[in-house]
Number of protein chains: 2
Amino acid sequence: MPGESPDTAAPKTSPELRADARRNRERILAVARVVVEEQGTEASLRDIARRAQVGLGTLYRHFPTREALLEALLRQNFDRLAARAQALGESEAPYEALVAFLGDLIGGAGAYRGLAASMMATISDEESPLHASCAAMRSAAGHLLERAQAAGRIRADVDGTDVFALVNALSWITDQAPSLASRRDHLFALVMSGLAPPS
Amino acid sequence: MPGESPDTAAPKTSPELRADARRNRERILAVARVVVEEQGTEASLRDIARRAQVGLGTLYRHFPTREALLEALLRQNFDRLAARAQALGESEAPYEALVAFLGDLIGGAGAYRGLAASMMATISDEESPLHASCAAMRSAAGHLLERAQAAGRIRADVDGTDVFALVNALSWITDQAPSLASRRDHLFALVMSGLAPPS
DNA sequence: ACCTGAACACCGTTCAAGT
DNA sequence: ACCTGAACACCGTTCAAGT
């Protein structure tokens, strides 16, 4: 039959990028990972395009905003964290599960310099491509938090956004003053003990 | 006697700025206060010079770095905070004195958007003109902290830099997500309770 | 459909030339 | 002594022209 090719019913997960486009997208992402590692989330987009040997407009075509690029860069990390939250949500030790997840969140936000700031900014900026991912993290934290609260291990007057903010703030401290990196776990423990119900 | 003018022994607090220079310096500072209020600590220096009706080089002559300008802008605030710490250091309620000072510190760091970040960065950057002022704040916090620790109200494994970092981190949260401003006092209380000795 | 890079409007920083 | 603004080397963002 005319117009029917063998693989018409193939899984069209993404809207069929042309071969060269697909290659460029991957090159950009690979280079961006390196450059953001070096320069942080405020890295020069020009520099990324240059090093990827791609026109500046090409970078903008694939990633219309800096946040869009960051989102693609963090896609895997977010998915992994979401899966972790899911698994921990069925743990039998609600408080320990919460602490474990928040520890991972701190680690994740510490992946790139400036990332904690980028993530916090999404709370106010609903248009950011990172907004959805971060909202998911906040609600995952919220769920684990509720369980810990139900178990009487966390005060009732705290919500998911509070702990998300506090945890990001801890990552930010290390961002700004690398010399305080060694205090991070300690500060985390202090903040967590502040969330315990008044005895 | 030759070369002896009437006011030779006058108090030479600053090295005698020429009249026009002195005027420019004040104009720059006045304008900078407005612009930094608007745009935060990363405000455009060009914009400040422009609005102060001063050549760009003139701004650089008076304030060789952005931090130098910020330091001049915050001189009064720092002096006021230092005096407050001094007064509180003689208070009879060590814990309440510490809380009061940290509350002022949070308020101060919230004066301009980005200020918390600028202050935290001085920990690592010893060359910054803000370094001395912030170190003074940290040691003032350290002194009040020690008294509260001696009174058994704060755990022993916390130092002045820790509380300085935590307090700045709280200011930063509001910086990044203005919608969380209403939670600031609450989060401050939570963090403070985390600094209480384990019961 | 996609790529390219020039063009535009901004930066921070320096410094030769002026008064 | 001090002021000025052009010059330099960067940005982010857009878009007409190409394939």
Side-chain angles (χ1 to χ4, degrees), chain A residues 5 12-32 35-36 38-73 113-114 117-118 121 125 127-130, chain B residues 5 12-32 35-36 38-73 113-114 117-118 121 125 127-130:
Chain A
S5 63
K12 294 188 178 180
T13 54
S14 50
E16 291 288 349
L17 275 181
R18 220 168 66 182
D20 55 345
R22 175 157 183 72
R23 217 174 357 136
N24 281 333
R25 192 177 191 281
E26 274 162 18
R27 285 172 67 97
I28 292 169
L29 273 176
V31 170
V35 177
V36 171
E38 283 176 16
Q39 311 179 10
T41 58
E42 299 302 318
S44 160
L45 299 179
R46 250 194 169 76
D47 199 22
I48 293 173
R50 217 149 33 202
R51 293 213 225 170
Q53 286 169 294
V54 147
L56 191 45
T58 303
L59 188 150
Y60 273 90
R61 158 167 269 262
H62 287 288
F63 308 103
T65 67
R66 163 174 260 112
E67 283 72 31
L69 177 57
L70 222 50
E71 203 274 340
L73 229 48
R113 198 155 34 89
S118 298
D125 183 8
E127 306 310 315
S128 168
L130 286 170
Chain B
S5 63
K12 294 187 178 180
T13 54
S14 51
E16 293 287 350
L17 276 182
R18 218 168 68 181
D20 55 343
R22 176 157 183 70
R23 218 176 355 137
N24 280 334
R25 193 176 191 280
E26 275 162 17
R27 286 172 66 96
I28 292 169
L29 273 176
V31 169
V35 176
V36 171
E38 283 176 15
Q39 310 180 9
T41 57
E42 300 301 319
S44 160
L45 300 179
R46 250 193 170 78
D47 199 22
I48 293 174
R50 217 148 35 201
R51 292 213 225 171
Q53 284 169 296
V54 147
L56 190 46
T58 303
L59 188 150
Y60 272 91
R61 161 168 266 262
H62 287 288
F63 307 103
T65 67
R66 163 174 260 113
E67 283 72 32
L69 176 57
L70 222 50
E71 203 275 338
L73 229 48
R113 197 155 35 89
S118 298
D125 182 7
E127 308 307 318
S128 168
L130 286 170

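Per chain, numbering begins at 1; letters A, B, ... match sequence-line order.
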Span of DNA chain D engaged by chain B, first through last nucleotide within the 4.0 Å heavy-atom cut-off, is dA1(D) to dA7(D)
Under 3.5 Å, sequence neighbours excluded: what are the donor-acceptor pairs made by side chains of residues 60-71 of chain A?
{"unit_1": "Thr65(A)", "atom_1": "OG1", "unit_2": "Glu67(A)", "atom_2": "N", "d": "3.4"}
{"unit_1": "Thr65(A)", "atom_1": "OG1", "unit_2": "Ala68(A)", "atom_2": "N", "d": "3.0"}
{"unit_1": "Arg66(A)", "atom_1": "NE", "unit_2": "Thr41(A)", "atom_2": "O", "d": "2.9"}
{"unit_1": "Arg66(A)", "atom_1": "NH2", "unit_2": "Glu42(A)", "atom_2": "O", "d": "3.3"}
{"unit_1": "Arg66(A)", "atom_1": "NH2", "unit_2": "Ala43(A)", "atom_2": "O", "d": "2.1"}
{"unit_1": "Glu71(A)", "atom_1": "OE2", "unit_2": "Arg75(A)", "atom_2": "NH1", "d": "2.5"}

Starting at [atom1] of [X], measure out to [atom2] of [Y] and round the result to the nearest 0.5 Å.
X	Y	atom1	atom2	answer
Gln53(A)	Thr58(A)	CD	OG1	12.5 Å
Ile28(B)	Ile48(B)	CD1	CD1	9.0 Å
Leu29(B)	Leu59(B)	CG	CG	9.0 Å

For Leu17(A) and Arg25(A), the nearest pair of non-hydrogen atoms, with its separation, is CD1-CD, 3.8 Å
When you check the gap from the basic side-chain N to the acidic O, do Arg50(A) and Asp47(A) get nearer than 4.0 Å? yes
Below 4.5 Å, heavy atoms only, C-beta onward: do Arg23(A) and Asp20(A) meet side chain to side chain?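 In contact.
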Note: for Pro64(A) and Asn24(B) on DNA chain D, the residue whose nearest nucleotide lies more 5' is Asn24(B)
Check whether Arg27(B) reaches the backbone of Ala49(B) with its side chain - one donor and one acceptor, N or O, closer than 3.5 Å.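 Not at all, since once roles are kept as given, no pair shorter than 3.5 Å links the two residues.
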Residues in contact with DNA chain D, drawn from residues 38-46 of chain A - heavy-atom cutoff 4.0 Å: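 Hits under 4.0 Å, by residue number: Ala43(A), Ser44(A), Leu45(A), Arg46(A).
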Just to be sure I understand: a Watson-Crick pair is purine N1 to pyrimidine N3 plus N6-O4 or O6-N4, both under 3.5 Å. Using that and G-U wobbles, which stems of three or more pairs involve DNA chain D?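 The stems are C:4-8 with D:12-16, C:12-16 with D:4-8.
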DNA chain C contacts made by residues 49-61 of chain A, counting heavy atoms under 4.0 Å: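 Within residues 49-61 of chain A, the residues near DNA chain C are Val54(A), Gly55(A), Leu56(A), Gly57(A), Thr58(A), Arg61(A).
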Asp125(B): what forms a side-chain hydrogen bond (donor to acceptor under 3.5 Å, both in side chains) with it, not counting sequence neighbours? none
